[in-house]
Amino acid sequence: MATNLEVTIRRVISTNPATGEVLQQLECGSEAEVRRAVARARVAQASWAGLGVDHRIAILRKFQRLLHESKSEVATLITREAGKPYVEALLTEVLVVLDATRFLIDNAFAFLRDQPVPHGSIAMKAKTGRILREPHGVIAMVSPWNYPLSIPAVDALAALVTGNSVVLKPSEFTSLVGLKLESMLHAAGVPKDVFQVVVGDGATGAALLASDIDKLIFTGSVPTGKRIAQSAAARLLPVVLELGGKDPMLVLEDADIEVASSAAVWGAFVNAGQACLSVERCYVHKSLYTQFLDACVAKTRRLKVGNGMDPQTDVGPMIHERQLRMVEDQVEEAKAQGARVLAGGFCLPESGPHFYAPTVLADVTHQMRIMREETFGPVLSVAPFASEEEAIQLANDSEFGLAASVWTRDRKRGEAVARRIGAGTVMVNDTISCFGISEAPHGGLKASGIGRSHGRFGMEEMVRVKYLDVDRLPRLKKLWWYSYGERLTRQMEAFVDLQFARGGRVRAALQCMGVLKCRKL
Ligand code: NAD
């Protein structure tokens with residue numbers, strides 16, 4: 001029988017989703033451990049910020065070298081813990097982080113330099129203004145399992161180089177990758193308390209949110225994001241929320257079917273469809289519809305599903321049973337509502353515990369859950385459209401707004417359509433690769449989140465802006481100070497006219513001449 005003295009220890013179990021093999025069990029960070037980690041991070045942050053950006057950039061260089069040297073080891077760990085094919089782990093995780101590090105090494109110094117603010121107003125000409133970018137202090141990060149290295153690493157590197165300390169709570173499904181990131185950053189020279197990983201489940205994440213942090217960067221599902229936003233609002237904690245997506249792909253009538261169908265198949269099935277940017281809704285002009293579907297089905301049937309460590313594997317497992325059931329339910333419901341299953345549509349228990357066959361669905365509609373809610377699985381859902389206007393309306397008919405793609409041979413037309421789609425990113429003739437462009441901001445509209453990661457906008461999230469103003473005429477009273485009176489009023493009227501009247505500016509200038517004289521201390 002449990003006594004009061006017994007403490008329940010929560011554990012997270014790291015499992016290989018392809019085989020079900022338990023890789024490691026780890027204790028979840030308790031509330032007290034989270035608080036202590038944040039307190040250590042706070043103490044350590046001051047000297048980290050004081051090191052100077054050059055020094056921190058040198059540490060990033062070392063991290064980059066270490067990550068490059070251990071690329072195979074890291075990609076193997078990602079494949080074992082998250083299931084994706086090794087080649088994807090290499091390209092969409094290791095390479096993305098190496099390049100994001102390159103971006104920060106090249107840009108952090110200039111980004112953190114004081115930025116002059118020239119003043120346009122005549123009244124303010126005697127002042128010099130500058131924008132300072134200062135670290136927030138302790139930034140907490142809570143991350144998902146689907147890109148267990150690239151998501152936390154890109155954010156953490158931006159936070160670190162700008163002088164923050166970081167406490168990361170990785171997904172309970174990919175704790176080992178989080179701990180590997182921690183050991184590489186420490187080996188590169190980031191002090192232990194400046195970057196800490198606290199492993200655990202949602203309760204550990206909630207404890208981190210409730211702790212004495214200065215900002216939270218959250219990446220995960222919409223329901224968790226909403227809970228986090230509510231708690232953060234109560235204490236006015238700034239947050240970045242990178243949430244789900246339901247990205248549309250628009251295949252216009254002049255698109256290259258061969259290219260667009262390959263893109264749709266890769267975009268829907270990469271990482272077994274468990275990507276926030278995956279192609280979740282595909283709209284195809286009716287004149288190409290049948291041909292496009294035939295090409296997608298033929299290409300889907302050629303895909304090899306299996307363990308990501310096999311170099312022949314194209315599509316790995318789902319992360320866990322719950323994710324598999326969610327996909328299965330959505331496909332079954334869509335079938336019952338009239339969608340045609342042209343490929344897949346079933347689990348593959350013979351391949352392992354969480355495999356789902358790459359699936360092509362035709363004739364889906366917005367009445368179906370599969371076109372409204374995030375599927376996050378290997379399903380390519382395709383619907384026809386009759387006009388460009390209809391395609392844009394369908395693309396925008398979603399609670400999400402993360403990214404989208406437009407496929408056409410006419411670049412100008414593609415851009416014009418892209419401008420009308422409500423999303424954080426729209427790609428013309430490509431999909432998903434925006435995540436690998438270190439200069440490009442990543443983030444969404446509507447339920448897809450708040451704020452941006454990656455690139456300059458990602459760095460901006462890691463700093464607070466301070467405006468510093470220095471007056472160059474310290475012995476002059478300002479024009480607008482006391483004492484007021486008729487004379488000052490007339491002079492100020494003239495002063496406003498001097499700047500904004502359509503005519504008579506010379507007279508206005510003469511009228512307000514005396515103002516400087518009488519304002520001397
Ligand atoms: P999730 O919301 O279940 O969990 C994300 C993280 O939040 C995990 O670390 C989890 O432990 C933690 N968490 C859970 N409850 C919490 C709470 N109450 N307080 C604090 N932390 C808590 O999401 P997931 O299943 O890990 O990830 C999949 C989702 O993430 C998908 O919706 C996907 O679209 C989204 N995602 C978005 C992006 C993006 O950049 N927009 C990138 C990757 C994934």
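Just so you know, these numbers use all the heavy atoms, side chains as well, and skip hydrogens, waters and symmetry mates. Position 1 is the first residue of the sequence; numbering continues from there. Ligands are counted one by one from 1 in listed order, and the atoms in each one are counted from 1 as well.
- Judged by the 6.0 Å distance and 45° axis criteria, Arg456 is not positioned over the aromatic ring of Phe111.
- Applying the side chain to side chain contact (heavy atoms under 4.5 Å, CB included) rule to Val270 yields the partners Glu88, Trp266, Ile432; only residues at least two apart in sequence or on another chain are considered.
- Near Thr219, meaning under 4.0 Å from any of its heavy atoms, are these atoms of ligand 1: 5 (C), 37 (C), 38 (C), 39 (C), 40 (O), 42 (C), 43 (C).
- Shown here are the side chain to side chain contact (heavy atoms under 4.5 Å, CB included) partners of Asp397, two or more places apart in sequence or in another chain: His366, Gln393.
- For atom 4 (O) of ligand 1, the protein comes within 4.0 Å by no heavy atom at all.
- From the protein, the heavy atom lying nearest to atom 16 (C) of ligand 1 is Thr224 CG2, 3.4 Å.
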Exercise. Could you walk me through whether Gln323 and Trp145 pass the side-chain contact (heavy atoms from CB on, under 4.5 Å) check?
Worked result: CA-CA 12 Å; Gln323 199 61 41; Trp145 45 265; 4.1 Å; yes
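- At the shortest separation from atom 18 (N) of ligand 1 among protein heavy atoms lies Arg227 NE, 3.9 Å.
- Of the protein's non-hydrogen atoms, His442 NE2, 2.7 Å is the one closest to atom 40 (O) of ligand 1.
- A donor-acceptor pair under 3.5 Å is formed between the side chain of Asn164 and the backbone N or O of His136.
- For the pair Leu112/Val161, no side-chain contact is recorded, criterion being any heavy-atom separation below 4.5 Å from C-beta on.
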For this session: Give the intermediate values and the outcome of salt bridge (Lys or Arg N to Asp or Glu O under 4.0 Å) for residues Arg452 and Glu242.
Result: CA-CA 8 Å; Arg452 292 292 180 268; Glu242 299 285 356; 5.9 Å; no
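- Close N/O approach between Ser221 and ligand 1 is found [any backbone or side-chain N/O within under 3.5 Å].
- Ligand-side atoms of ligand 1 in range of Gly205: 19 (N), 20 (C), 21 (N), range being under 4.0 angstrom from any heavy atom.
- For atom 36 (N) of ligand 1, the closest non-hydrogen atom on the protein side is Cys276 CB, 3.8 Å.
- Nearest protein heavy-atom neighbour of atom 37 (C) of ligand 1: Leu243 O, 3.1 Å.
- If you check which protein heavy atom lies closest to atom 27 (O) of ligand 1, you get Pro144 CB, 3.3 Å.
- The heavy atom nearest to atom 44 (C) of ligand 1, considering only Leu209, Val154, Asn146, Leu241, is found in Asn146.
- Nearest non-hydrogen protein atom to atom 8 (C) of ligand 1 is Ser143 O, 3.4 Å.
- The shortest N or O to N or O distance between Gly220 and ligand 1 is under 3.5 Å.
- Atoms of ligand 1 lying under 4.0 Å from any heavy atom of Glu172, numbered from 1 in the order shown and given with element: 8 (C), 9 (O), 10 (C), 11 (O).
- Here the OG1-CD distance, from Thr162 to Glu460, works out to 10.0 Å after rounding to the nearest 0.5 Å.
- Nearest-residue assignment for atom 33 (C) of ligand 1 (options Phe435, Tyr147, Phe376, Phe400; heavy-atom criterion): Phe376.
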Exercise. Taking it one step at a time, do Arg281 and Ser398 satisfy side-chain contact (heavy atoms from CB on, under 4.5 Å)?
Worked result: CA-CA 10 Å; Arg281 299 179 286 148; Ser398 171; 3.5 Å; yes
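- No donor-acceptor pair closer than 3.5 Å links the side chain of Glu93 to the backbone N or O of Leu90.
- Residue contact check: Asp201 has heavy atoms under 4.0 Å from atoms 11 (O) of ligand 1.
- Screening Glu280, Glu373, Glu399 for a side chain to side chain donor-acceptor pair (under 3.5 Å) involving Lys246 leaves a single residue, Glu280.
- Close contacts between ligand 1 and Ser171 involve ligand atoms 9 (O) [criterion: under 4.0 Å to a heavy atom].
- Looking at Val142 against ligand 1, only its side chain comes within 4.0 Å, counting heavy atoms.
- Of all atoms in ligand 1, listed by their number and element, those nearer than 4.0 Å to a heavy atom of Trp145 are 24 (P), 25 (O), 26 (O), 27 (O).
- At the shortest separation from atom 32 (O) of ligand 1 among protein heavy atoms lies Glu374 OE1, 2.6 Å.
- Contacts between Phe173 and ligand 1 below 4.0 angstrom, taking non-hydrogen atoms only, are absent altogether.
- Considering backbone and side-chain atoms alike, Lys169 places an N or O below 3.5 Å from some N or O of ligand 1.
- Side-chain atoms of Pro441 and Glu461, non-hydrogen and from C-beta on, never get closer than 4.5 Å to each other.
- Atoms of ligand 1 lying under 4.0 Å from any heavy atom of Glu242, numbered from 1 in the order shown and given with element: 37 (C), 38 (C), 39 (C), 40 (O), 41 (N).
- Taking every non-hydrogen atom of Ile151 and a distance limit under 4.0 Å, the qualifying atoms of ligand 1 come out as 42 (C), 43 (C).
- A donor-acceptor contact closer than 3.5 angstrom links the side chains of Arg10 and Thr204.
- A donor-acceptor pair under 3.5 Å is absent between the side-chain atoms of Ser211 and the main chain of Leu209, judged by distance alone.
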